[in-house]
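Note sheet for the following structure.
Quantities reported herein were computed from a predicted structural model and do not represent experimental measurements. Quick note on labels: first sequence line is chain A, next is B, and so on, each numbered from 1.
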Amino acid sequence: MPVQLLKIMKEQSETPLPSHLQKEDLKDLQEGSDHTNKYIQGIVVLSYPLTKLGDGTDFFKIVLQGLDDSCSRINSINILIYGKMAEDCAKVIRHGDTFIVAGYKVIKSPTAREDGRHGCHLEVSEEDGSAIYCLQFCNQIYTKPRTATASETAFVSIAPKYVYTPLNQLKDGTIVNLYGVVKFFKPPYVSKGTDYCSVVTLVDPSNVKLTCTLFNGNPDSLPKIYKVGDIVRFHRIKIREYNGQMQGITSGGFASLTFDGTVGAPVVPRTSSKVYTFMDEEHKTIEELRVWAASNISISGPAAKLSSVQPMLFFDLTCQLVGKAKVDGSSFLLKVWDGTKCPYPTWRVPVEAKDLEGERVLLHQLRNLMVDILVYDNHVQLAKSLKIGSFLRIYSIHAKQASADNENVSHIEFHLHGGTCYGRGIGVLPENNSDVKELKTFLESVDLADSQNMESMSSVELDGTFSDFTDLESHLQRCQQLPVTVLTDHQDLNNTELKTIMNSTAPQQYRIRAKLRTYKPQKLHQSVKLHCSKCNSLQEVPDGDVFDFILQRSAITDPNPELHNTSWYDSVMWTTQDQKQRKIAIHFVRHDEMLRQPEDTLLMIEGGTLKEVWKLTKRFKCVIPVRSTEVDLELLDLSAPFLLQGNVKYYGYGCLQLF
DNA sequence: TTAGGTTTCG
């Protein structure tokens, strides 16, 4: 039932319209101007019978007379209503009603000359997100309320009555309305097609996750999500199955509202929709989702202040843009500050002074608080368009530890790498955003004289504290010792006992909490296997003991002196002084018939132990373990490395069946 | 159409 009778008010003539709408006068109405958040009000003076267009669409036309100046010639206008709305309006609207419409298209009227009405007409439909409000005396309403008297007025909304589908009841091929809490998002970015794209993953109390891929030519029309935990309302999102899971995708008429997910924060929708319905019921839904999210979603993202940046990690930064500069075709520089000081020396990206945009005085004043962020590839286009002074949230900045060739001091570099993994991107925050308000207050409180005094402190850091790697290195070690009990993902899943999982059918998703008893591979090198491409068999990479055993087994055969000193290698052989009287031969391979320096020399060894082979790899470029046959030197068992170069071992595994 | 979450390697 799309028509809602919202309120019946005694002797009320004011219409309870959404507060963001502003009245537009007929005399100011023209094609091409911005009608977002505007409404037209008038009295219905004429209506035509409901008809069907050639394609079967319902069509209803009314004539509205403006209230502002009844003498004006252009004080009446044609309203063309299409589709379901036409049908609904035809049922409800009567002459003399006060009619309000928002979310309309303004089109040049082809009949203006004949009918003498406004030079434009309005087109209204559900697909365009239009809404109609109608104020009428109760005795005119086709469904007469039981308690109504002639002196009462009713406010009728001819907006669709929206039904919202829980995420666990979505079906392939449907177009639905839904609410969700943002669990993950990629801020709008330039896609490889013609549109901006934003990817949003939602969860709701049904504990089902939905990833939505949203496209629009105008990034402003995509949901204004600023952080995980925000709540969204999507209208007319298309559901499809992709890789065995439901997926949301924009369809014609897609519209969204976004709300701060904080319990107790004002319920103010963020949207660029021309008009939207948002009543008490929706208000309640937001409050309920906030409470659910507070105990079911982890919203502690990787947000950070520059003062708490951790080397080698990724973080989200809320900051103000102070300067920007082109660097090269694939990267662009942003100079930002958040009022705090990064405790490590940070890099400065060299740019030509003429390429640097920003207020020179401010750039100079903030030089000790500002950091350089280099953004790459797909982020360059958006970065170029940013306005100096705007407030940004830059998602997933990489705090990279590095040191330049000519310095022994380690510093931190900030990169926004290419791609959109992990929501990497740049979002512009509006001035009324609560985090921006807080940041502004903080920035105003920063004493720039103090920060300029930090110049001396900065050089102390460069010359002293961080002059060797010790402090930074030990800090890095601490960073790497993150406790394994921190689980930032899959908070929407409850823990399930292992025995329940063992008794369930696959595939399903679970989250477990369990004690680790054993794990494989026990050693890191076991995660790599030797593979025989002929028979596809796999074998462990031999560890030192196995290699030693292979060497010992090959040493049973003594080196064959007939194979020594050929045209391409010089040989030496000796016998060990121990009881085993082991014979060792080393063949130094010539290069251009010359022997080279040890560090450039390739040698082959027969009869050596593991320890001896290791020693030789330290001194010589390459070592090849071999053994003698009657006619030639040959490689050992191919599961052993055939070539050792420093710490690198080369394997040429072929399975034993080949021998 | 585009992307379809799961960090670059500059």
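Residue contacts shown for S331(A) are absent, as no nucleic acid heavy atom lies under 4.0 Å away. L374(A) comes within 4.0 angstrom of no nucleic acid atom, judged by non-hydrogen atoms across all strands. Within the 4.0 angstrom heavy-atom criterion, no nucleotide atom of any strand lies near F315(A).
If you check dG5(B), dT1(B), dA3(B) against the side chain of K192(A), the one that comes closest is dA3(B).
By the 5.5 angstrom centroid cut-off and the 30-degree plane limit, Y422(A) is classified as not stacked against the base of dT6(B). In this structure, Y242(A) packs face-to-face on the six-membered ring of dG4(B), meeting both the 5.5 Å centre cutoff and the 30° plane limit. Judged by ring centres under 5.5 Å apart and planes tilted less than 30 degrees, Y376(A) fails to stack against the six-membered base ring of dT8(B).
Listed in residue order, the members of residues 413-420 of chain A having a heavy atom less than 4.0 Å from DNA chain B are H417(A), G418(A).
Going from atom CG of D377(A) over to atom P of dT7(B) covers 17 Å, rounded to whole Å. At whole-Å resolution of the value, CD1 in I412(A) and P in dT8(B) are 19 Å apart. A straight line from CD1 of I249(A) to C1' of dA3(B) spans 7 Å, rounded to a whole angstrom.
Checking Y422(A) against H417(A) by side-chain atom types alone, no donor-acceptor pair falls below 3.5 Å.
Considering only side-chain N and O atoms, K400(A) lies nowhere under 4.0 angstrom from the phosphate OP1 or OP2 of dT7(B).
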